[in-house]
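Remember, it's a predicted structure, so these values are computed and weren't measured experimentally.
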Amino acid sequence: MNAFTVTETWGHERFMSRCLELAVKGAGFVSPNPMVGSVIVCDGRIVGEGFHQRFGGPHAEVNAIASVTDQDVLRRSTLYVNLEPCSHYGKTPPCSDLIVERGIPRVVVACRDPHEKVAGKGIDRLRAAGVEVVEGILEQDALRLNEAFMKSHRRRLPFVALKLAQTLDGKIATANGLSKWITGEASRREVHLMRSRYDAVLTGSGTVLADDPLLTVRHAEGRNPLRVVLDRELRLPPDAAVFGPGAKTLLVTSNSAGGSLRASAFRDKGVEITTAGEINGSLDLSLVLRHLHERGVLSVLVEAGGRLSSSFVREGLADKLYMFVAPKLFGGDGLSSFAELGVVSPGKPVMLSFRETRCFDGDIMIEAYFT
Ligand SMILES: NC(=O)c1ccc[n+]([C@@H]2O[C@H](COP(=O)([O-])OP(=O)(O)OC[C@H]3O[C@@H](n4cnc5c(N)ncnc54)[C@H](OP(=O)(O)O)[C@@H]3O)[C@@H](O)[C@H]2O)c1
């Protein structure tokens with residue numbers, strides 16, 4: 001990294017924060033691309049800004065550069081961007097070429113792009129043309145903002161977040177399996193917003209049978225994610241709400257059930273069916289995730305009951321947890337959020353690290369990462 005003073009670092013962080021603020025505006029619209037914001041600074045002042053607004057549209061740097069009309073100003077400016085400028089022809093020409101062409105002398109980048117076609121080549125291209133590049137400003141924030149994009153490119157698997165709503169005593173349903181309205185309206189709105197920002201929302205047959213959820217975005221603005229339902233034996237009724245209109249649904253079932261007569265009733269409704277192998281009598285979740293990655297799904301929000309949620313954790317496939325907690329008690333007979341985790345030694349629990357706590361009217365939402 002280049003040597004620069006404390007004042008310079010503070011200035012860099014201030015302008016990079018603005019890039020991150022702009023980048024978030026693309027949430028829910030740019031996937032499978034990353035969220036990117038860019039600002040152009042001349043003589044210590046922001047003179048131009050832009051962000052990646054929708055998949056297939058111009059990149060953040062292109063929009064920021066276009067917002068500056070005086071070409072001489074560009075030749076004295078620093079361009080800030082939260083992700084390394086691209087170096088390849090995709091849906092748009094390379095941003096690093098545009099920066100060089102316009103004579104921008106300095107670029108400040110938060111983090112490198114893991115995309116195999118970029119991966120340092122954008123920065124190399126700039127440096128080779130004599131552009132000064134500063135790296136690593138607010139890098140951790142930038143990596144977290146695009147956590148799904150980063151994981152998808154590095155691990156070839158979607159980013160998986162579990163979302164559950166529980167009482168203060170850790171129950172996700174009463175003893176008779178009823179779970180509707182544990183949390184309040186503000187929490188529900190937040191869940192709908194979350195859905196709109198994930199590429200897919202995934203649930204299990206147990207939840208569909210108990211709650212008949214729609215799993216669409218209704219209490220927030222945004223696009224509907226792909227609905228994914230895991231039903232090994234096709235025990236669900238084809239007229240369940242999740243197979244109805246509103247969004248696309250992918251039904252994952254076992255190899256044997258996929259070819260059965262029952263499967264055609266779902267296909268007739270426009271539901272796509274795919275099959276996965278089994279491990280110990282359950283669908284193989286890593287195969288399910290690999291299939292989703294191959295069809296361009298970067299992020300999955302799991303809204304399932306205790307069984308499926310526990311499986312994701314047990315198999316080390318969950319990255320993050322959103323736990324909504326309502327100030328209510330259901331008592332000992334209620335269903336526990338992770339009842340099937342099977343931890344026997346208190347010295348060997350599943351560990352998470354808390355990231356953030358937010359309040360939604362009377363509820364609390366804890367955001368934590370599996371470590
Ligand atoms: N409060 C909340 O946040 C919340 C959220 C959702 C549900 N719930 C409540 O949870 C209860 C349902 O819980 P649940 O545990 O039965 O539902 P679930 O976790 O949604 O579904 C479990 C079912 O998914 C299928 N499945 C497929 N692959 C699996 C795998 N690898 N591992 C585990 N399961 C797999 C299994 O059925 P097959 O073998 O037949 O495929 C399994 O029985 C209901 O009372 C519901 O109201 C609460």
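Within 6.0 Å of NZ in Lys248 there are 12 or fewer heavy atoms belonging to other residues, nucleotides or ligands. Within a 6.0 Å radius of CZ in Arg155, no more than 12 heavy atoms belonging to other residues, nucleotides or ligands are found. Residue-environment remark: CD (Glu315) exceeds the threshold of 12 foreign heavy atoms within 6.0 Å. The number of heavy-atom neighbours closer than 6.0 Å to CD1 of Ile364, taken from other residues, nucleotides and ligands shown, is 12 or below. In this structure, Glu221 places its CD atom where only 12 or fewer heavy-atom neighbours from other residues, nucleotides or ligands lie under 6.0 Å away.
Scanning both residues, Ala368 and Leu352, for their nearest heavy atoms gives CB-CD2, 3.8 Å. For the residue pair Gly204 and Ala304, the shortest heavy atom distance occurs at N-CB, 4.0 Å. Residues Leu126 and Val133 share a closest heavy-atom pair of CB-CG2, 3.8 Å. The two atoms that bring Ile172 and Ser179 nearest to each other are O-CB, 3.0 Å, heavy atoms only.
In terms of modelled atom types and a separation under 3.5 Å, the side chain of His219 and the main chain of Arg189 share no donor-acceptor contact. Proximity of a side-chain donor or acceptor of Asp113 to a complementary backbone N or O of Ala119 within less than 3.5 Å is not detected. Checking side-chain atoms of Thr207 against main-chain N and O of Gly305 turns up a donor-acceptor pair under 3.5 Å.
With salt bridges taken as basic N to acidic carboxylate O contacts below 4.0 Å, one links Lys163 and Glu303. In this structure, Arg262 does not pair ionically with Glu233, as no charged nitrogen and carboxylate oxygen lie closer than 4.0 Å. Salt bridge absent: Arg355 and Glu367 never bring a charged side-chain N and a carboxylate O closer than 4.0 Å. A salt bridge does not link Lys180 to Asp211: none of the charged nitrogens lies less than 4.0 Å from a carboxylate oxygen. A salt bridge links Glu272 with Arg295: the closest approach of a Lys/Arg side-chain nitrogen to an acidic carboxylate oxygen falls below 4.0 angstrom. Salt-bridge annotation for Glu132 and Arg127: absent, with no side-chain N of the basic residue lying under 4.0 Å from a carboxylate O of the acidic one.
Under 3.5 Å, the side chains of Ser31 and Asp199 contain a donor-acceptor pair of N or O atoms. At a cut-off of 3.5 Å, with distance as the only test, a side-chain donor of Ser205 or Arg235 sits close to an acceptor on the other residue. Side-chain atoms of Glu61 and Ser38 form no donor-acceptor pair, as typed in the model, at a separation below 3.5 Å. Side chain to side chain, Thr183 and Asp363 fail the donor-acceptor criterion of an N or O pair below 3.5 Å.
Between His52 and His59, the two ring planes are perpendicular [angle over 60°; tilted spans 30° to 60°].
A cation-pi arrangement is absent between Arg197 and Phe29, since the terminal nitrogen or guanidinium carbon is not both under 6.0 Å from the aromatic centre and inside a 45° cone about the axis.
For the pairing with Val242, the side chain to side chain contact (heavy atoms under 4.5 Å, CB included) check across Leu236, Asp212, Val208, Leu251 returns one residue only, Val208.
At a threshold of 4.5 Å between non-hydrogen side-chain atoms, the residues Phe324 and Val191 count as touching. Within the 4.5 Å cutoff, no side-chain heavy atoms of Val300 are placed close to those of Tyr198.
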**OP:** Please assess Glu147 against Tyr369 for the test side chain to side chain donor-acceptor pair (under 3.5 Å), listing each intermediate value before the final yes or no.
**Re:** CA-CA 11 Å; Glu147 56 197 3; Tyr369 286 85; 2.6 Å; yes

**OP:** Please assess Phe266 against Phe243 for the test ring pair (Phe, Tyr, Trp, His ring centres under 6.0 Å), listing each intermediate value before the final yes or no.
**Re:** CA-CA 8 Å; Phe266 292 94; Phe243 302 120; 5.0 Å; yes

